[in-house]
Each structure stands twice: as C-alpha cells, then as structure tokens.
Amino acid sequence: MDKNLCKIQGGFWMTFLDDIRKIEDKWQKKWKEDQVFVGKINDTKPKWFLTVPYPYASGPLHIGHCRTYNIGDIFARYKRQSGYNVFWPMAFHITGTPVQAVAYQIKIKNEKIWKIYEDYVSIYEKDPTKIKSIVQSFENQENVANFFANAIIKDFLGMGFSLDDTRQFTTGDKEYNKFIEWQYKILNEKNLITKGSYPILWCVNDKNAVGEDDIQEGDLLKVEVNDFVGIKFRLNSGTSLVAATLRPETIYGATNVWINPDADYNEIEISGEKWVVSKEATEKLKEQDHEIVVIRKIKGKEFVNQEVTVPITKEKIPIYPATFVDTDHATGVVYSVPAHAPYDYAALVDLQNDEETIGKYTLDKERLEKIKPISLISVKGYGDFPAVELCEMLGVKNQKDKQKLEKATQTIYKDEFYSGIMKDITGKFKGLKVEEAKDAVAKKLKEDNLATEVYETSKKALCRCGGQIIVAVLEDQYFLNYGDKKWKETAFKALNKMVITPEKYRQAFENTFNWLDKRPCVRKRGLGTEFPLTKGEGWIIESLSDSVIYMAFYTVIRTIRENNIKPEQLKPELFDYIFLDKGKIKEVSQFTDISEEYITEMKESFEYYYPNDLRHTAIAHISNHLSFAIFHHVAVFPEKYWLPAFSLNELLIREGQKMGKSKANVIPIAQIPEKYSVDLTRLHLASIATADTVVDWRETEVNFALQRLRKFWEYANRSVDVVKTEILNPAFPSRIFRSSIKTNLQKALTAIGDFNIRDYVLEGFYGNIRVIDEYHKIAEHLQREERETVLKEAIEQIIIVMAPVIPHISEELHERMQHEGYVSLKQFPNIEITEDDKQNALQAKFISNLLDDIEEIVKLVKTTPQKIHIYINADWKNELYRVAQEIFEDEAVKIGKIMGVAKENKVLNKYMKEIADEAKQMLRDPSIFRIEMLSAEKQKKAIEGYKEFISRTFVNAEILVHVAGDKDIYNPQKKAQKARPMRPALLLE
RNA sequence: GCGGGGAUUGCCGAGUGGUCAAAGGCGCUGGACUUAGGAUCCAGUUCUUAGUGAUUCGGGAGUUCAAAUCCCCCUCCCCGCACCA
C-alpha cells in the first residue's frame, strides 16, 4: 500500500527486524509473567505515580497517540531506573456521546460507519469471517467499549509500555459511577454547582439536544448558537412586531420595518404581551422557554403600511414588504437600517423603484421617497453610510444579489464592530465603541422590557434523523461555576506551584483559567453517571468531569475488584474516609458492610500513591481536561494531594499531513510492531523532535533510525562474548573515548531529568554511536584486548542508560551479556564528570579542529604532503590570552589596555613587540576571549597521542611537532610565529 | 477580533548573547567497497581562500566589543475561543 514501506520490509536487514520482533515478544511475556510493572506498595523506595490520560475506547489508537504514551513510558522507565517505585496504571474512557453514537450508527446501518468499523476491527481480527458479526455486535454500546478497551490495552502492552494493567476500569463501570457521584456530592456541598437557563442546539424531531455528530454534515457546517435581540416595535393596537437583530445598537438608525408580505405570521400571547412573529418563530420560541398562545394567524401583508414606534427614539416608522425576509430565521421580522446594513439598503432602493409593489400595497409614495439612511456609527475608512458605499463598490444589483450582500454584510459587521464609534444621535451611548455599545444597548432595551433574547442557529441544519435543528433553552440547567472567585483563586494557587513542561504552555493554562466561567455540567445525551441532584430525570453528568480526579480511583479499584465489593457499598462516606480522612473506620465499615481490612488497604494505597506526581498528555487538553483537573483537585482534595506536575507534547502528522480517517494515512498502533518493530518506533518517536514541536513521521527518516539501531545491535553483539581485561594504562584514544561516552551519557541523563527526551536520545544513543564509530577508526592500531574491553564497558553502560527508549533490545543484550535481572529495573550508573574528562574533551576537540585544518590545506594545495609540521604556540601566548580574557571580564578589550597590562607582566614583558601584532589579531575576533585553552604541553601531548592516526589519515605523512620559541626548530616559512593557543600553525611539505 | 505559539541554510529540524557558516537527519553530487545493494564508509552541498575573508537565520530599524539569539515596528503561518471528547 505504501511504496516507502517496502524499503523497510524488503531490505537485507529483514533478519534483524525479524530477530528483534521475536525479542520484543519474548520480553513482553516475561515482564507480564513476573509482574514487573505492577504497582506494589514499597516503603523502601520513594513512589512515583504517573498518569497519561486514559484513551477514549470508541476506536483504535494510532501512532499519534503512541507518541504521547511513548513519552509517558520513557518517563516511567527513567524514574524506575532512577530508584523510584513507579506506578503507572491505565483505564478507559467511554462516557459521553462517541461510544453511544457508534452503537447508534451501527444499529441504523449507516454504511460509512459500518465500513470504517469493519476496517477498525480487521486491524485486530485476522479471521475475515468474524468481522461482520463483531461489528454487528456494536449495536450494543458496551461491546464497542469492551472491544476497543481490550484492543488498546493490547496495543499498549505490545509497545512495551511499562503499565500496570491490573487496575483497568472504564468510566461506565458502576463502581466508577459511585466515585463520580461522590465527586459531585463534594462539589455541591461546596456550592460550586449553580443553576440557570442555557441555550443549546436541539432537534425538533427527537426533542433532544444535539451535538456535532448528530447534525448532518455537522463537522463541516459547524453550527453555533447565535444570540439575537428581539426588539419590540409597538403597533398602535398595542401589539408588538418583534424584529430580531444581531446589532441592537443600530436601533438609532431604524427607518422602517420589513415584513415578508406573503408569509405566515402569528399574533401570539406571551408573558402577558401580544407579539407578532413568523409561524416558524412561534415554534422556536416555544422551545426557548416561553409559554405561548397563538391568538390568530395572519399574512405578513396585513401589516404593510401600518406604523410602529421605535423603542428608545420613539420615532414612528412604516412597515414595508420585502421578499428577502426569511420567516425561518429568528423572528421573521426585521427592522431596516439602510445606512449600515447592505440588505436593508438594497431592499429600500428596490422598493423605491418598484412601482408595481408600491401600487399593489398602495404605499405612500411620498413617504417612501423621503426615507433616507440614518447614520449612527462613524468608522474609519468609510463615510456616513458604509452600507451604501459597499453596495456601490461591489455592484450590488438588488436584494436578491445574495452573494455580494452577504460579503458586504460581513465586512461591515467586522469593521464597525471592532473600529466603529457611536455618533451623537445615539444619546447616552455616543462615543462608545460599537463593541461595547452593542451590549449596552441590548441591556438597556431588556431592562426597559423593550427587547428579549431570541436564539437562532448560525446556519440552517438538519439532524441525522431529518428533523430541523433549532435552538432550545433549557431551564434550570446545572453548571459548574468555574467563575467562582475563591475556586479560581485556589486553582491559580495550585497552578503557580506546579511544574508545567515545556514551561511555555503555562500561559495557556492561565488564559484558560481566566476565561473559564460557568459550564453546563449535565446533559441528556450520552453515557455517564446519573446526575445525583435530579435522580430519575435522565440527566447525565457531562463526561469531562469523568476525567479530572479519577487518578485517585486507580489507587482503590483493585481492592474493590479483588474482594468483590459491590457498587452499592461504595457510599460517599467510604470515599470521604479514604480520600479525605473523614469519619471513623468502624462506622464506615458498618455502614458500607466492607471489612475494615479492605477499607484500610484502600486508604493506605491512596495515601501511599497520591498525589499523581506527573500527568503527561497532548497539548489539546490544556483548555479542558487538564485545567479542570486542577480545579477539581483543589475543590475536592487537601493541598498535599494537588497535582504537582504536567508535561505536554504536540501532535504528530505524517509526511506533512494530518492523519485522518478520510485520508487513509493513519498508522494504527496495532500495526506498528510488524510494520516497523517496537523499539525502532519508540526510538524514532523519541528523537525526531522536541515535545513542543509537531512531529512529522516520514518513512525515509525512520529508515535512518533503523540503520542506527541495527548498527548498535551489531556493535553490542560483537561485545557479548568479550571477556573484559584490566587496562592499566589506556592509550590516548581510549581515554578520550571513555570520557566522551561518559560525557554523553551524563548529558543524556541530565536531559531526560529535564523532560528533554530528544536530547537524551541524541546524546545517549546517536551521539554515542558516533563516538564508537570514531573509536573504531582511531584505535585500529591499539591492542585488541584494550579496544574490546573499552568498547564493551561503553556498550554495557549505553544499554542501561538507553533502556527506557529501547527496552526490548536492552533486555536482550543485558541477558546475552550474562547480567542478572531485568535491565528495566537496573539503576542508572552514577556518572561523574571529572576535570580529566573535561580536559580530554577539550583535547579531542583540539585534535578534531587540527585535523580539519590540515585537511583544508591539503585540499587547497591539491598535493599529498610528505611531511606535516605542526607548530604549537609558545606558552607566553597562553598567558597573553589568559590576561586578555581577564580584562575582558570587566570591560571591552583595547590594544592599549593589553599592552599596558603586558608591560607589568613578568612573562609577557619580554615579548612586547610580538604582543602588539598579536593583540591586533585578537581584536578582530572578540570571541577568542571566551575560548578554553590547553597549555602548550597538553596540546603537544594530544598530538603525540594521535600521531599514528593523523599520519594514517594523510597517507602516512610524517608528523613533526614543534613548539614555537624552542631553539633551533625547523621553521623555514616563519609559520611558528603564527601559532595561537588551540590553533597550531601548519606547514605541509 | 482576542489569546497563545511560530518563521533558521534545497527540505525537516536543533540552536536563545561569543569557536555559529549554524547539530542531526533527509535530499542531491562525487568517490570507495561490492555479483548487486535502497546497506556501509569517505568527501562535498552560499561565495571566496594555505587553514582567510565576505554575506546569511521572514522584512526593517536598533542595543552590544560581539546578535539566529536582546529591544521596537511590520508581514506571513499555525492553534484555541466552551458544552466537543
């Protein structure tokens, strides 16, 4: 299916992949058998409790999810090998609408969904005859959840994740429901749940709330709720025409009311008033929490020519007919603001020129002629009548020119909203920005009972069942009041104490906290825990509340399951006792009929493991799950159990494209082992990019990781049978090699300690492979025993340090090298970088620069040198640099200053003439004032140590080392004088 | 619009004041090894040059002995803006 894939599957290295796949299976079985990763209380070690949010069990996970869990696993393994008793459990999220929606679509035989789910199932079920019946079984929502929960846990274990899989549960479990009920009891006790009305999208057919999934093409339409203001324009009879608008501030510019003459309207009685709205609007308003009685049905034309009073301005304006008025939109009545609304202007011009209509409705022509736009907003870049200007500019022909009118409306709305200022005619609102005036005018109108809320969908939409989608208002809706001042303050307090990594995401949390306000917390759709305050009414706790404090539930679920404790026994008093240390065990035990032993076990488990030391997930969850987790923790738990740390990662794309069902470019986790192999995938995922960047999974680059992994495998296997000997006096290259490996490993461990997995792999794995490559080259002439011993030492250490990323290969090599126990549990070596190591590193760098320089010259002169003379600087130059560096710490270096100081310096004052030249040279590149130097002696030693290798590199040229300033050195071209610290002069012959 | 994050050499991606012409990978070019190899190894991949110098890190202006990195302005891209998990 994928051309690039063949590269990996068909290569000569197939045996390698076959081998390591077997190894992966082998070690996963062993870990499982020995329960290596099952959490057990252990008082001899500090505990470390990791969670990665449980996945949603409505479909298979893919390599993008894998990135997140992979990072979690690397942390878990890192901590385990750093001496912690690590606890990383896993469960499944099934509440809310998705699982239910899948079941429903399968049931109604939605072909597209069937096809998708047959594909999904075929990832796991190899027997094609069984697939259809499994999908069929998804009619029952439990089967969906069970199937995918099982599949996902297998995926995870198949990736070698060091999970405790003995604590699985789903958010639909009865026991879990009890826990969520308890959570809500606490929130309610703390007055964090409030009531109010709330507009929602609603299907008139199902009589039920709908979400994006329920709407036909909902993912494309993105239907939203719009808040209209229905303004009452009173007729002389006392009845009001209710005209709906998104721009109430334009009431000052109203010139007339538009009504659709041929459409059906109703006169209705509502809250003791009489209104006229369209037939459709009548039905919508009924759902928007209004008691309505229809008094009579009327055609729109009956109102034409009548007069209404404009609220606030008290102007009398006429009602005119207009066909653009859509009775199925808001109230079906609109008022005209031709100065600022393109539709209105176009309709007005149309009407003024339409003799036929004027005649038909016997309109007062003189009055109609007199209607002129009334300007009420001044806006930069426009004159008094933006609508007129734009209509002319875009060439709007008439009110049927919808496309252009729509564009003009949008443009004006945006420009006026953000940069418009209310003019003098708007009374007390003059000078306000439109942005502010809009709400202020609406508020005033509502206060004076001149307007009402009217909700309408942003787009016309149909439910999948075929019913129309409207906006309904639910009365007495329950909200979580995240706006509660004290709650928010406490949440901020918790956030401020938390580690957020990468730190740049802290801002996103702060922003989320700031805009968080009341949030509806119950709904009628989907799976979940019944809302305890309204039992029997069919209200379900919305599913985000299922994923905020559940980490605590991991600590008790095993006791509940193992001892067959019934959901009914999980009373609030029990959780109060376990989690909040409230009440007495005796009473709780009697009350719940759970033995004191089990209660104690649960309490101890919770108190041992909590808090949840690190929660790792993708950044998409910042503005919901993660923020709510902080809020709910501070509401429910005492401060010592608040969340200490979150770490985050960006998403993963493939070959530059987002993965999506429709694109067929998804790599399911289940296919990773056979497609790539596990350790390869883990390695590549970890090293491909830093956590805060979007990862692009590209096949050609996976190939690189594969080749390095194989190389490491080969190097390591060559070392397996080596018997290490004691190296009494290691050669120069061996010393450098040891230091380099050590330094890289140390950098790697520091990096992962800082949550920087990429650098950890780059330094510890790829960096060290390069060091080994290099050693193979330079150590060719050394004794075999020395080489092999030094290499084996290094590889043994790399295996331990890199085990968190490539655990299977590491276990296998660890075993092949006859080491006892699991490398997964082996503590990292304690690495200390000594002064010697630093000197070694400096010497290595010195040599590498020297080689580059020689090569450079060889290339330029284009001949092979017989002799290479290397001139090391005289020691006084080191002294000069040192002095200059000292000066530089305080001030910019000037020649005069250097000369002055040199004159006073016993070593330097003999070389004043040379120093003048040298200083000039130094000032050209101030960065040399920062370099670390080796003494002439050490430079010389380094070169001597590599002499053999340098010579070999340049076709056995003779290497001659001279120190400038020594007597009688060979110096025909006066190169010796040019030698500088760390930069020997060269002469090639 | 508001809020957040970005813009690096052919591409992907490191790098936040000094050996940075800028890690690493991919791609490309040349060579080596090979029956062959998409494997491996070596060299090159801004221009210039006895190891030098010049110009580069979205655009512009500035601070500094020194700027991809700090300050200011501008342009463009991505993400979030709630009942969706």
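Naming convention: chains lettered A, B, ... in sequence-line order (proteins, then strands); numbering from 1 in each chain.
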Do [X] and [Y] have ring centres separated by under 6.0 Å?
X         : Y         : value
Phe92(A)  : Tyr176(A) : no
Trp697(A) : Tyr676(A) : yes
His776(A) : Tyr715(A) : yes
Phe513(A) : Phe631(A) : yes

What does [N] pair with, Watson-Crick or G-U, if both distances are under 3.5 Å?
N       : answer
rG1(B)  : rC81(B)
rU75(B) : rA7(B)
rU40(B) : rA32(B)
rG24(B) : rC12(B)
rA54(B) : rU46(B)

Is the shortest heavy-atom distance from the side chain of [X] to the side chain of [Y] under 4.5 Å?
X         : Y         : result
Leu495(A) : Arg506(A) : yes
Tyr881(A) : Ile931(A) : yes
Val225(A) : Thr457(A) : no
Asp759(A) : Asp754(A) : no
Pro53(A)  : Tyr550(A) : yes
Gln885(A) : Met933(A) : yes

[N] versus [M] - spacing of their [atom1] atoms, nearest Å:
N       : M       : atom1 : value
rC76(B) : rG25(B) : C1'   : 27 Å
rG58(B) : rU9(B)  : C1'   : 14 Å
rG6(B)  : rG13(B) : C1'   : 13 Å
rG27(B) : rG38(B) : P     : 11 Å
rG51(B) : rC42(B) : P     : 26 Å
rC57(B) : rU46(B) : P     : 15 Å
rA68(B) : rA21(B) : P     : 9 Å
rC74(B) : rG1(B)  : P     : 12 Å

Between [options], which nucleotide gets closest to the side-chain atoms of [X]?
X         : options                   : value
Gln507(A) : rG4(B), rG51(B), rA39(B)  : rG4(B)
His93(A)  : rA85(B), rG24(B), rA50(B) : rA85(B)
Glu856(A) : rU49(B), rA50(B), rA85(B) : rU49(B)
Ile931(A) : rG24(B), rC42(B), rU19(B) : rU19(B)
Ala689(A) : rU19(B), rG13(B), rA85(B) : rG13(B)
Trp515(A) : rG51(B), rA82(B), rG25(B) : rA82(B)
Glu701(A) : rG51(B), rA85(B), rC26(B) : rC26(B)
Pro520(A) : rA85(B), rC83(B), rA39(B) : rC83(B)
Pro98(A)  : rA85(B), rA50(B), rG51(B) : rA85(B)

Remember a base hit wins even if backbone is also touched, and classify [X] as base, sugar-phosphate or nothing at under 4.0 Å, heavy atoms.
X         : value
Ala705(A) : nothing
Pro981(A) : nothing
Lys897(A) : nothing
Ile200(A) : nothing
Asn514(A) : nothing

Could you give the [atom1]-to-[atom2] distance, from [X] to [N], as a whole number of Å?
X         : N       : atom1 : atom2 : answer
Leu651(A) : rG6(B)  : CG    : P     : 15 Å
Asp759(A) : rG25(B) : CG    : C1'   : 15 Å
Arg654(A) : rC12(B) : CZ    : C1'   : 16 Å
Leu987(A) : rA50(B) : CG    : P     : 15 Å
Arg758(A) : rG15(B) : CZ    : C1'   : 10 Å
His684(A) : rG25(B) : NE2   : C1'   : 9 Å
Lys504(A) : rG6(B)  : NZ    : P     : 4 Å
Arg519(A) : rC81(B) : CZ    : P     : 10 Å

Using a cut-off of less than 4.0 Å, is there contact between a side-chain N or O of [X] and OP1 or OP2 of [N]?
X         : N       : answer
Lys658(A) : rC79(B) : yes
Arg523(A) : rA85(B) : yes
Thr693(A) : rA14(B) : yes
Thr690(A) : rA14(B) : yes
Lys711(A) : rC41(B) : yes
Thr512(A) : rG80(B) : no
Arg506(A) : rG3(B)  : no
Lys975(A) : rA50(B) : no

Query raised in the report: Can a salt bridge be assigned to the pair Glu774(A) and Lys777(A) using a cut-off of 4.0 Å between side-chain N and carboxylate O?
Result: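 Yes, this pair counts.
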Report task. For the pair Glu650(A) (side chain) and Val695(A) (backbone), establish whether a donor and an acceptor sit closer than 3.5 Å, ignoring hydrogens and angles. Result ->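 Not a single qualifying donor-acceptor pair exists.
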Requested in this report: Give me the residues of residues 843-854 of chain A where at least one heavy atom lies under 4.0 Å from an atom of RNA chain B, by number, or none.
Outcome: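 Output list: Asp853(A).
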Requested in this report: Would you kindly compare Cys521(A) and Asp696(A) by the position of their nearest RNA chain B nucleotide and give the one closer to the 5′ end?
Outcome: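 Nearest nucleotide further toward 5': that of Asp696(A).
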Query - Pairwise 5' ranking along RNA chain B for Asn624(A) and Asn511(A), keeping only the more 5' one - result: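 Taking each residue's closest nucleotide, the earlier one in sequence belongs to Asn511(A).
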